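A short worksheet on the structure shown next.
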Amino acid sequence: MMLLLALGLVPLLTVASVGGAQWLLWRSVSVPGLATLPDLWTLNSTELYEATFESLQWLSPTDLRRFDFLSPSSTYQINRRYRSGASVKRYYGHQLWKLHETRLRQPKLRTFLRHFGSEVWNVNQDGIDVIIEHKNVAAAQQYMAQTAFSYNIMIDDLETAIDETYTEISDTDTDQDNPLANYSLPWLNREGVLLTWRRYHDQSDIQQFLQNVLETHSELAEIVQIGVTRNKRPLEVLRVSNGNSNNFAVFVDAGMQARDWLSPAALTYAISKLTWLWEQGQADRAMRHIDWYFLPLVNPDGYQYSRLTDRLWTKNRNYDTTTGCYGVNLDRNFDYAWGEAGASSNPCKNLYRGAKSFSEPETRAMRSFLLGMRDYLGAYVSFGGYGQTITYPWGDADYVTSNQRQLRHTARQAILNFRRLNHAEYSMGSSYRQKLARSGNAADWVQQHIEPQFVYNVFLKDQGRYGYLMPPHYILESGEEVYEFLKTIAQQLQ
């Protein structure tokens, strides 16, 4: 059977009558586009195996490589490597819907979200991204049929989309016509580095990358451990500087939400590019006159838990003894407007604010380190997912900062630079208007207590097609966007 398929032949069974008796006849028909007989003699066993799967592909709209148990991209191999434990949380049949409605106060919409939506992922100008559990899908569809609301199913099975985030981009999978998908760039091929930017990596690989940057660029880089998580993982900040005492400092973090794998990968890409170009004397002049402080993984405990146990985990791993629930949302744990709208007092909810402001070692470490930089901090930038928007304070209410004109000007310049880079369309505005209430977030706290020239949250790709489950082929272009944004900040600092 496999041999016939590799030959480009499809077996067909027919029944024929001969001399009054019925015979089962086996014949093969050639299918255009499949492998031909002369090709077979040049195939080794591995190539023959792969050719068989390619020959089967025309029969199914699904990528059959997912079921090839020998392939690293198969569901079997992904789960065997990362998600084999009995405690792994599964999301079979769960769906991501985009509701084409933004008026959250509508009674029918509020009823829908209360009864059928397990979590709202994002709200933007396109609508509301909401998770529908498998058990609620049919009832949710019936409810929507009775209303005037429209919706699209962006992901029809979250478990399948989760598997995609564990895959690795091969050379055959790259877009040869996309200049931002060039894996041969020198800063992507560092000797001794485990990061490849072809897939998402574990926390230890990110830590090893920072150590490699320190060793490779010892005259530019140093690592400062600003704290330790509850699970004893270090919070390491990479400082990159020319040593000039007159430089502005820019603090950049990523990965505050554990399920956001894209922003740590994109930020490490930007770090690799910056340090390589700096060493070659090719980095932008403005970027070489900044003291850069990079924290690529604010939430390493939560991130690693999402890697191995619950892909959609978003908090840290604090344990609440009263409820038995884990985790505090770090971006609701800072003390500006702590506990107000947009945060939860329930330890079992994803937006849990913590028992008190700065209850978590991660937020306390950031507070202490940033306060020590208040005299020379020029900008604070936090990258995360998702929504393709640039926001600035405030996030607790629709107020205006004293420097909003400058914030808007620089955000607009960054958006223009993104368009020139890869035609990406980003929106901008205050955090409250773009993302609704986000009390207790880090950016607002920095704005209130330190007041640097620039304070931004940059929510990277996408606008809801994949949400937090961005496939790894978006890493490179998102890394270029991160680098472009940092260059814009450096050029605008005065």
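For clarity, every value in this text was computed on a predicted model and none was experimentally measured.
When only modelled atom types and interatomic distance are considered, Asn333 and Ser359 share a side-chain donor-acceptor pair under 3.5 Å. Side chains of Glu480 and Tyr269: a donor-acceptor N/O pair is present below 3.5 angstrom, by distance only. No hydrogens or angles considered: a donor-acceptor pair under 3.5 Å links the side chains of Glu360 and Asn316. A side-chain donor-acceptor contact under 3.5 Å links Trp197 and Thr268. A side-chain donor-acceptor contact under 3.5 Å links Ser263 and Asp260. Under the 3.5 Å distance criterion, with hydrogens and angles disregarded, a donor-acceptor pair is assigned to the side chains of Asp291 and Ser241.
Around NE2 of His134, the count of heavy atoms belonging to other residues, nucleotides or ligands within 6.0 Å does not exceed 12.
Pairs of residues two or more places apart, or lying in two chains, never qualify as salt bridge (charged side-chain N to carboxylate O under 4.0 Å, His left out) while including a residue from residues 368-395. Applying the salt bridge (charged side-chain N to carboxylate O under 4.0 Å, His left out) test to pairs two or more places apart or on separate chains, those with a residue in residues 305-322 are Asp202-Arg307.
Contact record, Met366 with Tyr380: CE-OH, 3.8 Å, taken as the closest heavy-atom pair. Taking each heavy atom of Glu481 and Leu460 in turn, the nearest pair found is OE1-CD2, 4.4 Å. Here the closest heavy-atom approach between residue Thr391 and residue Ser430 is recorded as CB-C, 4.3 Å. The two residues Ile162 and Thr165 make their nearest non-hydrogen contact at O-OG1, 2.6 Å. Counting all heavy atoms, side chain and backbone alike, Pro296 lies closest to Leu267 at CA-CD2, 3.7 Å. Here the closest heavy-atom approach between residue Ala414 and residue Ile390 is recorded as CB-CD1, 4.0 Å.
Under the 6.0 Å distance and 45° angle rule, Lys461 does not count as a cation-pi partner of Tyr474.
For the side-chain contact (heavy atoms from CB on, under 4.5 Å) with Trp292, the lone residue among Thr275, Leu274, Leu220 that qualifies is Leu274. The ring-ring contact (aromatic ring centres under 6.0 Å, His included) with Trp313 is formed by just one residue from the set Tyr468, Tyr326, Tyr305, Tyr303; it is Tyr305.
Residues meeting the salt bridge (charged side-chain N to carboxylate O under 4.0 Å, His left out) test with Glu236, sequence neighbours left out: none. Partners of Lys349 according to the salt bridge (charged side-chain N to carboxylate O under 4.0 Å, His left out) rule, which considers only residues two or more places apart in sequence or in another chain, do not exist here. Considering only residues two or more places apart in sequence or on other chains, Trp278 meets the side chain to side chain donor-acceptor pair (under 3.5 Å) condition with none of them. Every residue two or more places apart in sequence or in another chain that forms a side chain to side chain donor-acceptor pair (under 3.5 Å) with Asn417 is listed here: Gln413, Arg420, Thr488. Arg190 is linked by a salt bridge (charged side-chain N to carboxylate O under 4.0 Å, His left out) to nothing, counting only residues two or more places apart in sequence or in another chain. For Pro472, the side chain to side chain contact (heavy atoms under 4.5 Å, CB included) criterion is met by Thr167, Ile169, Tyr200, Ile475, not counting sequence neighbours. Under the side chain to side chain donor-acceptor pair (under 3.5 Å) criterion, Asp301 pairs with Thr229, Arg233, not counting sequence neighbours. By the salt bridge (charged side-chain N to carboxylate O under 4.0 Å, His left out) test, Asp129 is found to be paired with Lys98, residues two or more places apart in sequence or in another chain being considered. The side chain to side chain donor-acceptor pair (under 3.5 Å) check on Glu222 picks up Arg239, with sequence neighbours excluded.
With contacts defined as side-chain heavy-atom distances shorter than 4.5 Å, the pair Gln453/Phe248 qualifies. Residues Ile206 and Leu194 have side chains not in contact (no heavy-atom distance under 4.5 Å, counting atoms from C-beta outward).
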Item to check | Stepwise side-chain hydrogen bond (donor to acceptor under 3.5 Å, both in side chains) check, His201 with Thr196 | outcome: CA-CA 8 Å; His201 286 258; Thr196 63; 3.3 Å; yes
Item to check | Derivation and outcome, side-chain hydrogen bond (donor to acceptor under 3.5 Å, both in side chains), residues Glu451 and Gln447 | outcome: CA-CA 5 Å; Glu451 291 189 271; Gln447 178 67 35; 4.7 Å; no
Next on the checklist: Apply salt bridge (charged side-chain N to carboxylate O under 4.0 Å, His left out) to residues Arg230 and Glu362 and explain how you reach the verdict.
Outcome noted: CA-CA 9 Å; Arg230 292 187 184 275; Glu362 297 91 345; 5.7 Å; no
Item to check | Asn242 and Asn247: CA distance, side-chain angles, deciding distance, side-chain hydrogen bond (donor to acceptor under 3.5 Å, both in side chains) verdict | outcome: CA-CA 9 Å; Asn242 62 7; Asn247 290 345; 2.6 Å; yes
Checklist entry - Could you go step by step and tell me if Phe485 and Tyr456 meet the ring pair (Phe, Tyr, Trp, His ring centres under 6.0 Å) rule? => result CA-CA 10 Å; Phe485 189 84; Tyr456 291 109; 5.5 Å; yes
Checklist entry - Can you list the steps and then say if Asn182 with Ser184 is a side-chain hydrogen bond (donor to acceptor under 3.5 Å, both in side chains)? => result CA-CA 5 Å; Asn182 182 4; Ser184 64; 2.5 Å; yes
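Here the CD1 atom belonging to Ile132 is positioned 10.0 Å from the NE2 atom belonging to His94, to the nearest 0.5 angstrom.
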Kindly list each side-chain donor-acceptor pair under 3.5 angstrom involving residues 434-443, sequence neighbours excluded, with atom names and distances?
unit_1: Gln434; atom_1: OE1; unit_2: Thr389; atom_2: OG1; d: 3.0
unit_1: Gln434; atom_1: OE1; unit_2: Ser427; atom_2: OG; d: 3.1
unit_1: Gln434; atom_1: NE2; unit_2: Met428; atom_2: O; d: 2.9
unit_1: Lys435; atom_1: NZ; unit_2: Asn122; atom_2: OD1; d: 2.5
unit_1: Lys435; atom_1: NZ; unit_2: Tyr386; atom_2: O; d: 2.7
unit_1: Arg438; atom_1: NH1; unit_2: Ser431; atom_2: OG; d: 2.6
unit_1: Arg438; atom_1: NH2; unit_2: Asp331; atom_2: OD2; d: 2.6
unit_1: Ser439; atom_1: OG; unit_2: Glu340; atom_2: N; d: 3.4
unit_1: Ser439; atom_1: OG; unit_2: Glu340; atom_2: O; d: 3.0
unit_1: Ser439; atom_1: OG; unit_2: Ala341; atom_2: O; d: 2.8
unit_1: Asn441; atom_1: OD1; unit_2: Ala443; atom_2: N; d: 3.1
unit_1: Asn441; atom_1: OD1; unit_2: Asp444; atom_2: N; d: 2.9
unit_1: Asn441; atom_1: ND2; unit_2: Arg438; atom_2: O; d: 2.6
unit_1: Asn441; atom_1: ND2; unit_2: Asp444; atom_2: OD2; d: 3.1

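Ring orientation note: the planes of Trp97 and Tyr151 are close to parallel, at an angle under 30° on the 30°/60° scale. The aromatic rings of Trp261 and Tyr166 sit perpendicular, their planes meeting at an angle over 60°, well past the 30° parallel limit. Phe116 and Phe112 have tilted rings, their planes meeting at an angle from 30° to 60° on a 0 to 90° scale.
Ion pairing of Arg259 with Glu119 is present here, as a side-chain N (NZ or NE/NH1/NH2) and a carboxylate O approach within less than 4.0 Å. A salt bridge is absent between Glu168 and Arg198; no separation between the charged side-chain nitrogens and carboxylate oxygens falls under 4.0 Å.
Aromatic pair Phe358/Trp445: centroids less than 6.0 angstrom apart. Aromatic rings from Phe369 and Tyr293 are positioned such that their centres are separated by under 6.0 Å.
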